[in-house]
J.: 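Structure below; questions to follow.
The chain is numbered in sequence order, starting from 1.
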Amino acid sequence: MISTVTDDGTVLLNERTGRYWQLNNTGASVLQGLLDGREADGIAAALADRYGIALQQAERDVTAVIERLSGAKLVIP
């Protein structure tokens with residue numbers, strides 16, 4: 001996988017399939033957290049604090065991003 005940070009988030013290229021994925025800033029934060037070895041609950045807590053949203057909503061959002069990335073075989077949970 002190749003990634004490039006943009007003003008709006010991150011663009012990923014799956015080199016095996018040739019497919020591009022665009023992540024908004026929140027999705028990019030989730031991906032970076034995973035790459036840094038952080039657990040989903042820690043990533044969610046940081047996002048809830050940063051954006052002033054309920055922890056439960058942040059947890060749902062983080063789970064959704066991880067599921068999409070996993071489904072595309074871009075990350076392994």
Side-chain angles (χ1 to χ4, degrees):
M1 171 180 68
I2 297 173
S3 66
T4 300
V5 176
T6 68
D7 290 339
D8 298 322
T10 298
V11 176
L12 305 173
L13 169 62
N14 183 331
E15 295 176 282
R16 291 177 303 196
T17 65
R19 286 191 70 184
Y20 283 91
W21 291 82
Q22 184 170 350
L23 301 174
N24 63 18
N25 286 320
T26 302
S29 293
V30 173
L31 177 62
Q32 189 59 55
L34 293 172
L35 293 173
D36 291 343
R38 296 176 58 205
E39 298 291 330
D41 58 347
I43 297 168
L47 290 175
D49 186 52
R50 180 185 311 158
Y51 294 109
I53 61 173
L55 179 58
Q56 296 81 6
Q57 181 62 53
E59 289 170 339
R60 286 190 295 269
D61 294 346
V62 168
T63 298
V65 171
I66 292 172
E67 286 175 354
R68 296 283 312 267
L69 293 172
S70 297
K73 299 191 180 355
L74 295 169
V75 298
I76 300 170

J.: Indicate if Ile66 and Tyr51 have the same hydrophobic cluster label, given that clusters are the connected sets of ILVMFWY residues with side-chain heavy-atom separations under 4.5 angstrom.
T.: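 Yes; Tyr51 is reachable from Ile66 via cluster members.
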
J.: Side chain to side chain donor-acceptor pair (under 3.5 Å) with Arg68: which residues, sequence neighbours excluded?
T.: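 For Arg68 there are no side chain to side chain donor-acceptor pair (under 3.5 Å) partners, ignoring immediate neighbours.
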
J.: In the single-linkage hydrophobic clustering (I, L, V, M, F, W, Y; side-chain heavy atoms under 4.5 Å), do Val30 and Met1 co-cluster?
T.: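 Both belong to a single hydrophobic cluster.
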
J.: Quick one: side-chain contact (heavy atoms from CB on, under 4.5 Å) partners of Arg50, sequence neighbours excluded?
T.: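 Here the qualifying residues are Ser29, Leu47.
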
J.: Are Val62 and Val75 co-members of a hydrophobic cluster defined by side-chain heavy atoms under 4.5 Å apart?
T.: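 Shared cluster, yes.
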
J.: Can you pull out every side chain to side chain donor-acceptor pair (under 3.5 Å) where at least one residue sits in residues 11-21? Sequence neighbours excluded, please.
T.: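 As it turns out, there is no side chain to side chain donor-acceptor pair (under 3.5 Å) pair with a partner in residues 11-21 once direct neighbours are skipped.
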
J.: In residues 32-46, what donor-acceptor pairs under 3.5 Å come from side-chain atoms, sequence neighbours left out?
T.:
{"unit_1": "Gln32", "atom_1": "NE2", "unit_2": "Asp36", "atom_2": "OD1", "d": "2.9"}
{"unit_1": "Arg38", "atom_1": "NH2", "unit_2": "Gly42", "atom_2": "O", "d": "3.0"}

J.: Can you list everything that forms a side-chain contact (heavy atoms from CB on, under 4.5 Å) with Thr4? Sequence neighbours excluded, please.
T.: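 For Thr4 there are no side-chain contact (heavy atoms from CB on, under 4.5 Å) partners, ignoring immediate neighbours.
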
J.: Holding to side-chain contact (heavy atoms from CB on, under 4.5 Å), I want the full list of residues that pass it with Ser3, two or more places apart in sequence or in another chain.
T.: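 Checked Ser3 against side-chain contact (heavy atoms from CB on, under 4.5 Å); matches are Thr10, Leu12.
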
J.: Under the side chain to side chain contact (heavy atoms under 4.5 Å, CB included) rule, what do Leu23 and Leu31 come out as? Steps first, then yes or no, please.
T.: CA-CA 9 Å; Leu23 301 174; Leu31 177 62; 3.8 Å; yes

J.: Is it true that Leu74 and Val5 fall in one hydrophobic cluster, defined by side-chain heavy atoms closer than 4.5 Å?
T.: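 As far as the 4.5 Å side-chain criterion goes, Val5 and Leu74 are not connected within one cluster.
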
